[in-house]
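Being a predicted model, the structure only gives us computed values, none of them experimental. In this chain, residues are counted from 1 in sequence order.
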Amino acid sequence: MTNLATLPSFVDEGTVHVVVETPRGSTTKLKYDEKLGVMTLSRPLTLGLIYPYDWGFVPSTRAPDGDPLDAIVMWDGVSYPGVVLPCRPIGVLHVEQANRQTRARERNDRIVAIPIPAPRADSLRTVFDLNERIRLELEQFFLAVVAFEKKDLKILEWAGPDDAMALVRATSV
């Protein structure tokens with residue numbers, strides 16, 4: 001079986017792969033277990049929360065928290081765990097959190113991407129093309145989803161597609 005974590009990060013110069021772990025609408029967080037080569041249950045979400053979009057990671061990357069770089073795929077579709085989507089990064093949400101073991105502060109940024117093709121999202125070039133309300137709701141989702149995880153998440157800032165691509169390059173292994 002293919003190790004999803006070691007697929008290439010890049011499809012081409014402006015496109016990255018995103019491996020979906022948790023599909024839009026899920027009330028549980030799924031996580032790819034590289035050793036087993038399967039999706040596993042990470043945890044149920046807090047009551048009332050669901051993933052607003054597909055959630056996963058950019059393969060062949062290593063973020064400061066030790067996991068692959070997180071990615072949220074904003075589109076009106078729903079995929080499945082293990083699906084690999086070619087995506088166009090439109091931005092990044094920079095966040096900081098406490099390491100669960102050491103309590104040291106570490107970055108855990110989230111790439112925001114649009115799958116290719118996604119005809120109804122073609123006009124989105126940057127996260128700043130999104131309505132501010134959508135960005136604020138995403139921030140609140142990310143804060144709520146870790147509320148009981150002792151991560152003390154702090155939202156730092158939004159940045160555009162150039163910063164997102166630079167982050168993928170910087171974390172590629």
Side-chain angles (χ1 to χ4, degrees), residues 9 14 16-32 41-59 61-79 85 87-115 118 121 123-173:
S9 301
V16 299
H17 286 119
V18 174
V19 176
V20 174
E21 293 175 299
T22 306
R24 176 184 193 157
S26 180
T27 59
T28 58
K29 182 174 193 274
L30 303 176
K31 187 170 180 72
Y32 180 67
L41 175 66
S42 175
R43 66 180 183 275
L45 297 187
T46 303
L47 286 174
L49 291 181
I50 65 165
Y51 274 87
Y53 300 102
D54 287 345
W55 175 258
F57 63 90
V58 179
T61 59
R62 191 69 52 213
D65 69 348
D67 291 335
L69 188 59
D70 291 326
I72 190 162
V73 182
M74 296 190 67
W75 66 319
D76 53 0
V78 179
S79 65
L85 299 171
C87 291
R88 175 175 50 87
I90 63 167
V92 58
L93 177 60
H94 294 294
V95 301
E96 183 183 79
Q97 67 185 25
N99 179 288
R100 291 173 72 179
Q101 282 78 40
T102 68
R103 306 304 303 153
R105 302 300 294 172
E106 62 190 7
R107 293 291 288 272
N108 192 13
D109 301 333
R110 288 105 159 90
I111 296 292
V112 181
I114 304 292
S123 64
L124 296 175
R125 294 285 158 223
T126 171
V127 291
F128 301 108
D129 291 338
L130 297 169
N131 182 295
E132 182 182 13
R133 171 74 185 240
I134 292 173
R135 291 193 310 274
L136 291 171
E137 286 186 20
L138 283 172
E139 290 176 14
Q140 290 305 307
F141 170 76
F142 288 129
L143 290 167
V145 80
V146 297
F148 295 101
E149 300 302 310
K150 297 184 170 107
K151 291 187 176 184
D152 186 29
L153 190 76
K154 301 278 188 230
I155 305 295
L156 301 176
E157 66 179 345
W158 290 93
D162 291 341
D163 291 309
M165 291 302 284
L167 181 60
V168 174
R169 283 194 276 293
T171 59
S172 290
V173 291

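Taking CD1 of Ile72 as the reference point, atom SG of Cys87 lies at 11.5 Å (rounded to 0.5 Å). Summarising the geometry, atom NE2 belonging to His17 is positioned 13.0 Å from atom OG1 belonging to Thr61; distances are rounded to the nearest 0.5 Å. The structure places OG of Ser42 at 6.5 Å from NZ of Lys31, a figure rounded to the nearest 0.5 Å. Taken to the nearest 0.5 Å, the NZ atom of Lys154 stands 10.0 Å off from the CG atom of Leu156. Summarising the geometry, atom CG belonging to Leu130 is positioned 7.5 Å from atom CG belonging to Leu138; distances are rounded to the nearest 0.5 Å.
For Asp65, the side-chain contact (heavy atoms from CB on, under 4.5 Å) criterion is met by Ala63, Asp67, Gln97, Glu106, Asn108, not counting sequence neighbours. Checked against side-chain hydrogen bond (donor to acceptor under 3.5 Å, both in side chains), Thr28 has the following partners two or more places apart in sequence or in another chain: Ser26. Remark: Arg125 pairs with no residue by the side-chain hydrogen bond (donor to acceptor under 3.5 Å, both in side chains) rule, at least two apart or across chains. Annotation: side-chain hydrogen bond (donor to acceptor under 3.5 Å, both in side chains) contacts of His94 (sequence neighbours excluded): Arg107, Asp109. Applying the side-chain contact (heavy atoms from CB on, under 4.5 Å) criterion to Thr102, with sequence neighbours excluded, gives Asn99, Ala104. Annotation: side-chain contact (heavy atoms from CB on, under 4.5 Å) contacts of Lys150 (sequence neighbours excluded): Arg103.
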Show which side-chain atoms of residues 43-54 pair as donor or acceptor with protein atoms under 3.5 Å away, not counting sequence neighbours.
residue: Arg43; atom: NE; partner: Glu149; partner atom: OE2; Å: 3.4
residue: Arg43; atom: NH2; partner: Val145; partner atom: O; Å: 3.3
residue: Asp54; atom: OD1; partner: Arg24; partner atom: N; Å: 2.8
residue: Asp54; atom: OD2; partner: Trp75; partner atom: NE1; Å: 3.1
residue: Asp54; atom: OD2; partner: Ser79; partner atom: N; Å: 3.2
residue: Asp54; atom: OD2; partner: Ser79; partner atom: OG; Å: 2.6

Would you tabulate the side-chain donor-acceptor contacts of residues 163-173 under 3.5 Å, counting partners in other chains and residues two or more places apart, or write 'none'?
residue: Thr171; atom: OG1; partner: Leu167; partner atom: O; Å: 2.9
residue: Thr171; atom: OG1; partner: Val168; partner atom: O; Å: 3.3
residue: Ser172; atom: OG; partner: Val168; partner atom: O; Å: 2.8

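For the pair Ser9 and Val58, the tightest heavy-atom approach, listed with the atom from each and the gap, is CB-CG1, 4.1 Å. Of all the heavy atoms in Gly160 and Phe128, the pair that sits closest is N-CE1, 3.9 Å.
Looking at Leu124 and Met74, their side chains never come closer than 4.5 Å, going by heavy atoms from C-beta outward. The side-chain heavy atoms of Phe142 and Leu153, taken from C-beta on, include a pair separated by under 4.5 Å. The shortest distance between side-chain heavy atoms of Leu30 and Trp55 does not fall below 4.5 Å.
Pairs engaging residues 128-147 under the side chain to side chain donor-acceptor pair (under 3.5 Å) rule: Arg133-Glu137, Glu139-Trp158 [sequence neighbours left out].
Using modelled atom types, one side-chain atom of Glu21 and one backbone atom of Tyr32 make a donor-acceptor pair closer than 3.5 Å.
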